[in-house]
Amino acid sequence: MAVTYLEAIREAQASALQQNPRVFIYGQDVGAFGGAFKATKNLAKEYPNRVIDSPISEDAMIGLAIGAAMEGMFPVIEMQFADFSTVGFNQIVNHAATCFWRTGRPCPITVRLPFGGTPGSGPFHSQSMEAIYSHYPGLVVMTPATVEDVYTMLLEAITLPDPVIFCEHKFLYYHLKADALPTEALPANKARIARPGRHATVVTYSAMVHEALEVAKEFSKEGFEIEVVDLRCVKPIDTDTILGSIARTGRLLCVGEAWPWGGVTAEVVARAASDGFGLLDAPPMRVNAKDTPIPFHPNLWGTHRPTAPLIADSLRKLVRN
Amino acid sequence: MEGKFSTGKKPLRDPRAPPTVKAMTTTATQPVSTEVKAADLKTVYRWMLSARLLEDKIAALYRSGKIFGGVYRSKGQEAVSAAIGNSLQKGDVFAPLIRDTAGRLAFGETMHEVFRTYLGSIKGPMRGRDGNVHRGNWDKRLVPMISHLGAMTSVVVGSLVARRMQGETGMVGATCIGDGGTSTGAFHEGLNLAAVERAPIVVVIVNNQYAYSTPTNLQFACDDLVDRAIGYGVRGVTVDGTDFAACSQVMQESVDRARAGDGPQMIVASLLRLAGHGEHDDASYVSADLKESQMGRDCLTYAEEFLQTQQLVPAHQLTQWRAEITAQIERTANEVLREPAPDADQEIWQALASGLDKFQ
């Protein structure tokens with residue numbers, strides 16, 4: 001029986017609700033309707049008082065979660081789209097994120113962000129928000145790329161005593177499948193070698209892991225073994241695994257679906273340059289989306305985001321450099 | 001600035017006029033009859049006086065360079081604040097704002113906690129990581145405010161909803177905000193959410209006529225902020241914020257109603273801020289008319305006159321209270337001034353409770 005990425009998200013929430021009576025889900029249309037993407041399908045039926053519809057008030061949704069967390073609850077907030085979390089931005093970065101440091105009281109909230117581009121979604125339903133949340137201290141930012149990871153990492157996010165921004169990629173919701181849900185997992189803050197190699201390292205996360213793996217497969221035919229590092233969690237970032245991989249390959253390409261200015265790819269390249277300069281045989285490179293809002297039409301969108309051919313072009317330059 | 005489309009200054013509402021009540025159909029499960037006793041008034045007065053004298057001391061420490069950052073005084077707002085703080089009970093949740101020294105003390109904050117936060121003592125609840133009015137203690141359900149206005153209402157609702165989910169009943173939440181804070185989106189979202197959840201919360205709006213320097217006609221265009229109550233579907237009531245007896249009655253009744261199941265209660269207290277926004281601000285923009293109006297009277301002076309003319313407290317008792325409180329303030333300040341300040345070498349430079357950022 002195959003499980004999709006989206007079903008794994010639902011199953012993780014069902015499991016969390018079942019395991020701990022202090023877990024509750026709060027968000028727009030998450031109740032009887034089961035959520036805009038059906039990530040909470042039938043959960044309200046089973047847990048009617050713990051799967052609750054909210055008004056369209058992202059700021060107040062996070063505020064409610066903070067107050068509830070202070071009373072010992074483990075709220076899971078579904079943002080209908082990651083893009084709308086900007087309305088709740090203040091409560092996330094200034095309230096939830098500062099709570100433990102200011103008061104000594106942990107704030108264990110999980111904010112689920114369905115993020116990333118899909119064809120036809122346009123400027124306000126496609127954004128990648130991981131960089132902006134990672135900028136603020138006090139938040140954990142997870143970006144699972146696989147069905148297995150989205151399940152185990154969401155469970156870990158819910159129990160973690162910190163506010164977690166859980167970036168789940170909408171592009172992976174339906175087509176990414178696994179045979180079964182996992183029974184064991186890496187700790188959420190550890191990166192994973194998705195494919196071992198020795199000629200170059202591609203560091204990436206979320207949906208771009210699959211683009212990078214596709215490219216690595218092609219390169220293998222040409223005799224280049226590309227190592228793909230899946231960050232899994234972008235804040236805190238697993239610098240050791242990144243540098244370990246660069247030590248093996250001497251070459252780094254960092255790929256992200258987000259915009260280029262600042263962000264995860266810039267952070268990885270900066271760390272490689274400052275902490276691992278001596279390991280590098282060539283200047284580190286990065287590939288990101290174009291620096292414009294995300295276009296609606298698939299013809300434009302397909303070029304706006306990094307794709308396998310674009311990654312391959314950069315990688316070719318890198319291995320020949 | 002008188003803009004082309006400005007409606008100009010609104011006529012002032014006479015604060016002595018009977019309170020406006022924007023009543024919704026009550027959902028209280030039992031009738032509410034609140035009676036404020038003389039003993040309550042004495043208690044409220046003592047918290048007002050404590051706040052005034054405490055802030056006098058903090059302002060003096062500020063002027064002598066002992067305090068980092070700003071000092072924000074409650075002068076003129078002690079009656080409203082003490083009345084809401086005193087109306088709550090242990091187990092309730094209170095999210096005060098910047099001019100709530102009196103309410104915080106009445107709700108259970110100690111003078112040690114106030115001085116330790118202002119002076120940055122590591123023994124304080126914020127341990128030098130945050131200062132002045134950004135203090136609180138979740139163990140007492142005294143919520144530490146963030147500076148972004150309007151953010152606290154939904155947090156109080158969250159605390160109440162969580163406890164309701166855990167099967168608890170009988171608790172009340174309260175939060176305070178100013179006229180300027182009501183213009184934020186967060187305030188709207190929070191109050192609307194409170195109403196949707198029928199949360200037992202009291203939202204106290206203190207209209208002190210200025211948001212920093214901005215007068216109310218540039219802040220909102222409705223005749224009276226209490227008019228918004230109907231729009232939110234909550235009970236709203238006005239009160240003269242300079243009258244501690246009226247404040248005590250209205251606050252206690254609103255808290256009682258919330259506890260009895262009547263849903264969110266919105267109170268609009270009118271008064272004039274009798275200090276600058278902070279001690280750095282000379283408040284030269286405050287209109288002379290307002291200062292001379294009924295709204296400009298000092299709630300503390302009025303309370304003292306009231307307690308004496310009503311023969312509730314003799315003059316010598318007032319003098320004695322003042323001396324006792326002053327001595328307590330001096331004692332506490334001297335103690336806290338000798339306490340250690342935070343040490344950057346001893347600080348744990350991590351923001352995550354899980355410690356996942358230990359090696360970052």
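So that the names make sense, note that chain A is the first sequence line, chain B the second, and so on, each numbered from 1.
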Once rounded to the nearest 0.5 Å, what's the spacing between atom [atom1] of [X] and atom [atom2] of [Y]?
X: A/R102; Y: B/R135; atom1: CZ; atom2: CZ; answer: 12.0 Å
X: A/M73; Y: B/S159; atom1: CE; atom2: OG; answer: 11.0 Å
X: B/T184; Y: A/N90; atom1: OG1; atom2: CG; answer: 9.5 Å
X: B/E347; Y: A/W101; atom1: CD; atom2: CH2; answer: 6.0 Å
X: A/C107; Y: B/W138; atom1: SG; atom2: CH2; answer: 9.5 Å
X: A/K190; Y: B/L356; atom1: NZ; atom2: CG; answer: 9.0 Å

State whether the number of non-hydrogen atoms from other residues, nucleotides or ligands found under 6.0 Å of A/F124 atom CZ is greater than 12. no
Flag yes if more than 12 heavy atoms outside A/L155 fall under 6.0 Å of its CG atom; otherwise flag no. yes
Please state whether the side chain, the backbone, both or neither of [X] comes within less than 4.5 Å of a heavy atom of chain B.
X: A/R22; result: side chain
X: A/N94; result: both
X: A/P55; result: side chain
X: A/R105; result: side chain
X: A/I52; result: side chain

Name the option with the most non-hydrogen atom pairs under 4.5 Å to chain B; the candidates are A/P21, A/P75, A/A68, A/C233.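 Going by pairs under 4.5 Å, I would pick A/A68.
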To check you understand the geometry: which heavy-atom pair defines the closest contact between B/S154 and A/Q91, and what is its length? OG-NE2, 3.4 Å
Does any backbone or side-chain atom of [X] lie under 4.5 Å from a heavy atom of chain A? Answer side chain, backbone, both or neither.
X: B/P125; answer: backbone
X: B/V156; answer: neither
X: B/N192; answer: side chain

Any donor-acceptor pair under 3.5 Å linking the side chain of [X] with the backbone of [Y]?
X: A/E71; Y: B/A162; value: no
X: A/D162; Y: B/A353; value: yes
X: B/R129; Y: A/T103; value: no

Positive for side chain to side chain contact (heavy atoms under 4.5 Å, CB included) with B/L352, one of A/V140, A/L160, A/L139: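 Only one option passes, and that is A/V140.
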Do the side chains of [Y] and [X] get nearer than 4.5 Å, heavy atoms only?
X: A/S57; Y: B/L193; result: no
X: A/L64; Y: B/V155; result: no
X: B/E189; Y: A/M61; result: no

Most heavy-atom pairs under 4.5 angstrom with chain A, which of B/H188, B/M152, B/R141? B/R141
Between B/E197, B/M165, B/H134, which residue shows the highest count of heavy-atom pairs closer than 4.5 Å to chain A?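 Ranked by heavy-atom pairs under 4.5 Å with chain A, first place is B/M165.
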